[in-house]
Amino acid sequence: MFKTKLIYKFLITFLIFSIALILPLSFSLRKDMKGMFTNLEVLIEKGKLNDARAIEDKFFKEIFTHLMSISFYAFFLAFILSIFFSRRFLKPVKALYNGAEAVKGGNLDTEIPVFSADELGEVTMIFNEMLTNLRAKTEELQNKDTYVKTMMDALWVVDTNDIVIDINPAFTKIFGYERSQVVGSSIYDFFDTENAMVMKKELDLKRHRGEHSTYEINITAQDGSQIPVLITGAPIVRDGEVVGKIGIIKDFREQAKLVKELKESRDYLETIMNSIEDSILIINNDYRILKANVAARTRYGNNITEKKCHEITHNSSRPCWMEGEDCPIQGVFTNGGTWRTIHEHYDEGGNKCYVEVIASPIRNSEGKVVEALEIMRDVTERVRHMDEISRRNRELILLNSIASIINQSIKAEEIFSSVLDRLMEALDMDGGCVFLIDDKSRTLRCSCHRGVSEQCTSTAIRIKLGDDIPGRVAVTGEVMTSSNLSSDNRISKSLFKDTKIKGYCCVPVKGKERVLGVYCLFKFKEHFFTIEEERLLEAVGEMTGLALENTRLYDEMKEMFEIQKSRRLQEQRDLLELSSKLTSARDMDEVIHCTSSLIKEFLAADAILFWEKRDSNTLALRYSDGMQPQTDTLKMDEPSTETYAAAKGTYINIHDINTDARFLFEELKSMGLRSILSMPVIVGENVLGVFTAMARTSRGYRDDEIHFLRIISSIFGVALERSQLYEKRRIDRGLAEAILNTMSEGVCTVDTKGVIVSANRSAERILGIQANNLVGRNYSEIFNAPAEGDACPIVKSLKGEKASAEFIQQKGKGEVIHVSSLPLMDSANRICGAVQVFRDVTSEREIDRMKTDIIRSVSHEFRTPLSAIVGLTEMLIDGDIESERARKYLLTIYEEGMRLSEMVSELLSISKIESGKETIKLSNIDFSELIESVKSVLDAPVTKKNISLFTEIDTERQEFYGDREKLRQLLLNLLDNAIKYSDPGCYINLRVRYSDKYVILEVSDTGWGIPENDMANLSKRFYRGTHGERTKGTGLGLALCKDIVRIHHGRIDIKSRLTKGTTVIVTLPYRRLNDA
Amino acid sequence: MMPKVMVIDDEPFILMMIEDKLRRGGLEVVTLRESKGAVDVIRREMPDLIILDWMMPEISGINICKTIKTDPDLANIPVFMLTAKGQEDDEKLGIKCGVDRYITKPFSPRILLELVLEQLGNK
């Protein structure tokens, strides 16, 4: 771009100036010159100027004048132009000047305007650019200054002589020194001697290298305290030359504290880790050990760090998981949880050991598992113990199962078979057999076997004692084992040698004192029997041996028990038989005979005697069998076994009378008897007699025999005493019973519990129960509670009161029984029961009831006719009735009076029939005539109720004798009932039929019918039934009918359905005239 | 207007006797020999007092009484039970069924009239 250079401006200015000045001057000069020259010529011609001098003078004069005017003009022009141009040049210069002044005053924000595009303009622009740069720089510097000032860390700047040039405010803040105190001082003034040396050394070392350096040091603060700091120093290099240093001083107090704490905690952790006896490893995910505690180092070597964990623990180049073990480290890194396992490890010496490993994750701040902490505890001992325990446990289980087999079974075969199975299972054997010693043949007999062929056992079925291995073991009682039978030199010959059996063991089955048999166990592979196994087998052998002995003992015991049992049973049977005979027997001689025979049989005696004690001084012979003594009485002072036993109250047994000198046995000896036993029969303290049993052999008696004999004699004694008492009482009671049984009242006694003790014949009769069914039962089973709800008189009597009540016997026909009861007193005046006297008062009560019924009914039925009589009479008397009506009144009184009379007659008829006073007046009955007579009476009600009454009489009439009046009454009553208990317009049918044996009168109606619950009571006197509410009547009609039929030896049947009607069928047998 | 007494009994002489006595006592008397349909007659006649026999064919007096006493239109009519049933229990049952006066047969027509008048007077 073309720029108007200042030179061009000057040139143009000069050109303008020149043109404006030279051109007019030249023109005016030429014109003037020309004029002058013209004048000169003229002068010359005129010769005025002859003189050259004059002409020259003139010329110069003229030029001068001209030049003078031109100069003046030129100056003027120059002045105008200079003013114009100087203004143009001065404006930018002035602006520049002002700008420079402003910058000098510190104002960097000035912007100088550019007025022209010339050099001045450019200078102005450059100046402006300069200002912009300066501003940026200044800003940058200011920022840097701010940073320095606001730095948290202290900062100092030192020169090459280590004199502090500058510090930042943080320095003052941290160390307390003011800037003025620091600037100009040597840096060494701020350190104590020791730190100053460190500082110096540090600076000297790093200075010549011109390097950065960081070091920890203590600076002495103004208050004298040592402040730990971290100084980062850097050289200040200018033009390739170090001119000073700048040091950033970090207050390291907090960090120092933290570092200290960290160190402490690390130490602490390390101490803890090292004090733990378990090995602790910290392992990274590459299975590399980062850290190990002392225990781990002791166990696995000092240089384990950086090795891989499986190398040191498993002696393997591969992690344990690759070898099929649970790797807890792998678990921690894959799943993050805590893992626990027991590993087989190898210690430094290469010994196998068991280690319990617990691995837990170590996480970084992000929660990521970065390392694993593995704690390893040597549990070798524990594992070994556990193995031992589990082995023992297995043994115990085995022994226990064997014990339970032994406990559950009492069969030797079963026990050995099961035990063999268990042993084979427990010791992992292929087979085995059990041999038991047969004492008779001195051989071993195979009891059971497993895993060997039948053939083998059949040849081995009998092994002589001392032969082969089992035979030897049976003799020595020592266990024999062989890990390989075929190559065992100890055994030269054996049944088992040729088999494929290799591992072999033979164990004795030991009883308490001797060997009872052997166990053999074998395996088709080689098997080394450990000492534990041998011991176990030995124990099993002993256990089963004892069990075998026990089973044998049990069998023996069982046999013995069976014998004893059958013996006891026999004894019991004998006793029971005796006891039942004693209780049932009334005849004492029979009792004595039974007992004596039993004793004789039981003791297998040859003779038996029973001596009864007559009085305190005499024994009388009551029974003898097998021998007959010469005397039948013995005085108590005579010396004999009987008197001895009676006097002492104890038995005496002489095994052999030939060797006994106490008693005289001449008579017995002569009979060939040798032993004697006398047993007293004692009840309470009384001796009632003596049994003597004798045998032809010498013998004593066992305790149980004596015991049995004692029991028999006791039972017998009781029976004997009872029989004596019974005899006495029988006579006493005879009289009392005779009196009681002749009484008409029932007499019955109860004990204090209310149990009936006795009842007389009248009691049997009244109660309808046999005396033997009464005695022993509780009175409450026989007598019901009294009707009035009173306490039973027996209850009262048992409390000492006298009482009476009436019972209704519900089990019988409802008889009413009157009971009076009195307490029974014993000799000590205590209540020992009650006696009750009772009578059957049923008929009395029935009569009472009938009386009441009749009175009630009569009074009721009589009321209506009486109303007429009383009421109408009263009105007549009162004069209420006019004379023409009085007749009607009187007629009614008469009719009702007659009705009363009729009722009285009916009642009388019944009472006559019932009392048996009424006699039957027989006549030949013509039912047609009889019915017509009845119908005429009933005409009025039949017409009134519009009833259709039909009669039907068999035409083939037969001769029938009966009481005409009573039969008329019967038909009248039956028809009256049919009319009375029917609705108007009903049908009544009366039918008379003659059959072979009977005349049948049948009255049927279509009336109301009889409710079912009334049927049972229909013929009771005064019973009116449900329909009685609606009808009038005496309730005597049907009762009278029943009585009439009864005296004709007939029967009456009533069939009825409610709302349908009733049929009454009277069946009367034919009777002859002279039948009374 | 004369008070109206209704007498229901199956014995004609009782009806005759009571009718005569009450008429003499200045009362209007309606007699009925049958218990069947008696309640309808009562509804129609609306007597001031009813004399009932207990034991009648068809419907017993006590059931008629019960019907009257449970019918709100008739319950206010006094009922005299004139019966041969003289037991105490019978009387109790009668009173329980709403009988206003229980009179046992035989009875005095004079006293009956007095009782009827007294009952009507009270009303």
Side-chain angles (χ1 to χ4, degrees), chain A residues 852-853 855-882 884-897 899-900 903 941 944-945 979-984 986 1007-1008 1024 1026-1035, chain B residues 7-27 33-38 51-66 81-91 93-94 97 102-114:
Chain A
T852 318
D853 280 356
I855 291 164
R856 180 186 284 189
S857 192
V858 164
S859 66
H860 171 246
E861 287 308 315
F862 285 10
R863 278 171 199 271
T864 308
L866 277 174
S867 287
I869 297 163
V870 173
L872 295 173
T873 320
E874 185 197 275
M875 282 171 76
L876 285 170
I877 294 165
D878 286 356
D880 288 339
I881 310 301
E882 294 83 8
E884 65 270 24
R885 224 172 139 70
R887 185 183 153 74
K888 198 179 176 187
Y889 268 53
L890 287 170
L891 199 66
T892 310
I893 292 167
Y894 170 76
E895 278 171 2
E896 291 303 311
R899 189 163 136 193
L900 260 180
M903 274 198 271
K944 189 183 163 196
K945 281 189 104 169
I979 296 162
K980 214 190 277 178
Y981 298 107
S982 299
D983 286 326
C986 82
W1008 301 338
R1024 297 294 321 277
T1026 312
H1027 300 316
E1029 293 281 299
R1030 309 201 262 165
T1031 54
K1032 283 187 182 5
T1034 55
Chain B
V7 189
I8 309 170
D9 201 312
D10 60 331
E11 286 291 349
F13 75 85
I14 298 278
L15 291 179
M16 174 181 77
M17 192 164 77
I18 296 172
E19 190 178 358
D20 287 351
K21 188 70 189 179
L22 298 187
R23 284 238 170 93
R24 274 197 167 268
L27 300 167
R33 264 197 75 182
E34 280 185 350
S35 53
K36 199 173 173 184
I51 297 170
L52 261 177
D53 183 18
W54 187 315
M55 290 201 290
M56 288 185 285
E58 314 288 346
I59 303 164
S60 74
I62 197 75
N63 280 328
I64 295 173
C65 177
K66 267 166 98 176
M81 185 64 79
L82 187 64
T83 173
K85 287 170 89 79
Q87 297 297 121
E88 210 174 312
D89 293 345
D90 299 328
E91 187 170 344
L93 180 65
C97 292
Y102 196 88
I103 302 159
T104 47
K105 290 175 183 174
F107 66 98
S108 158
R110 194 194 309 139
I111 294 169
L112 178 70
L113 176 65
E114 280 169 20

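Computed from a prediction, not measured in an experiment: that's the story for all the values here. Residue numbers begin at 1 in each chain, while the letters A, B, ... track the order of the sequences.
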Check: By a 4.5 Å heavy-atom criterion (distance strictly below it), what part of Glu896(A) contacts chain B: side chain, backbone, both, or neither?
Finding: side chain
Margin query: Does any backbone or side-chain atom of Arg24(B) lie under 4.5 Å from a heavy atom of chain A? Answer side chain, backbone, both or neither.
Written below: side chain
Next item on the list: Using a cut-off of 6.0 Å, state whether more than 12 heavy atoms not belonging to Glu88(B) lie near its atom CD.
Entry: no
Item checked: CE-CG distance between Met875(A) and Leu113(B), expressed to the nearest 0.5 angstrom -> 9.5 Å
Note to self: For the CD atom on Glu895(A), are there more than 12 heavy atoms of other groups (residues, nucleotides or ligands in this structure) within a distance under 6.0 Å?
What the structure shows: yes
Checklist line | Closest approach of Arg863(A) to Ala84(B) (non-hydrogen atoms, all atoms of both residues) | finding: CD-O, 2.8 Å
Next item on the list: Show your reasoning for whether side chain to side chain contact (heavy atoms under 4.5 Å, CB included) applies to Thr892(A) and Met17(B).
Entry: CA-CA 10 Å; Thr892(A) 310; Met17(B) 192 164 77; over 6 Å; no
Check: What are the two closest non-hydrogen atoms of Pro106(B) and Ser867(A), and how far apart are they?
Finding: CA-OG, 3.0 Å
Next item on the list: Using a 4.5 Å cut-off on heavy atoms from C-beta on, say whether the side chain of Asp880(A) contacts that of Arg110(B).
Entry: no
Next item on the list: Compare all side-chain heavy atoms of Phe13(B) with those of Leu891(A) and state whether any distance is below 4.5 angstrom.
Entry: no
Note to self: I'd like to know whether NZ of Lys945(A) has more than 12 heavy-atom contacts from other residues, nucleotides or ligands below 6.0 angstrom.
What the structure shows: yes
